Amino acid sequence: APGAVLSLHLLGPEDSWHSWPDIITHDRAEVDALLDGLHVVRLEEFREDGWSFAGEKHWHRWHILARVPVQPRPEG
């Protein structure tokens with residue numbers, strides 16, 4: 001819907017889980033393609049070592065805040 005807000009995190013290809021069978025990762029070009037047509041308010045990339053339910057891991061995440069453009073009202 002026009003004006004709708006999208007907030008999400010995607011995993012990048014350097015994430016430790018990139019080879020897991022049910023995990024999908026996205027490089028920058030893929031992220032840009034997914035966001036095509038949206039107004040990107042914030043796009044941040046994080047790479048850090050940390051923890052998960054499976055133990056130690058390397059995180060590679062995209063944090064995204066975007067909005068569906070609001071179409072101008074027709075005049076008349």
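Computation of the quantities below employed the complete heavy-atom set of this structure, encompassing side-chain atoms and omitting hydrogens, waters and symmetry-equivalent molecules. Note that the numbering runs from 1 along the sequence shown for the chain. As the structure is a computational prediction, the values presented were derived from the model and not from experiment.
Under the 3.5 Å distance criterion, the side-chain polar atoms of Ser7 are left unmatched by any main-chain donor or acceptor of Leu65. Counting only distance, with no hydrogens or angles, the side chain of Trp62 and the backbone of Val31 share no donor-acceptor pair below 3.5 Å.
Applying the side chain to side chain contact (heavy atoms under 4.5 Å, CB included) test between Glu45 and each of His60, Arg28, Glu14 identifies His60 as the sole match.
Of all heavy-atom pairs spanning Arg67 and Gly3, the tightest one is NE-O, 3.1 Å. The shortest heavy-atom contact between Trp20 and Ala54 is CH2-CB, 4.2 Å.
Follow the hydrophobic side-chain contacts under 4.5 Å out from Leu43 and you reach Leu6 in the same cluster. Linking ILVMFWY residues whenever their side-chain heavy atoms come closer than 4.5 Å, directly or via other members, places Leu8 and Val68 in the same cluster.
Here the CG atom belonging to Leu11 is positioned 11.5 Å from the NE2 atom belonging to His18, to the nearest 0.5 angstrom. Atom-to-atom distance recorded for Arg42:CZ and His63:NE2 is 11.0 Å, nearest 0.5 angstrom. To the nearest 0.5 Å, atoms CG (Leu10) and CG (Asp15) are separated by 11.5 Å. Expressed to the nearest 0.5 Å, how far CD of Glu30 lies from CG of Leu35 amounts to 12.0 Å. Here the NZ atom belonging to Lys57 is positioned 9.5 Å from the CD atom belonging to Glu48, to the nearest 0.5 angstrom.
The 12-atom threshold is not exceeded at CD1 of Ile24, counting heavy atoms of other residues, nucleotides or ligands nearer than 6.0 Å.
The shortest side-chain heavy-atom distance between Val40 and Asp32 does not fall under the 4.5 Å cut-off.
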For ring pair (Phe, Tyr, Trp, His ring centres under 6.0 Å), just list the numbers for Trp17 and Trp59, CA-CA rounded to whole Å, side-chain angles, deciding distance to a tenth of an Å, and then say yes or no. CA-CA 8 Å; Trp17 294 346; Trp59 290 97; 5.4 Å; yes
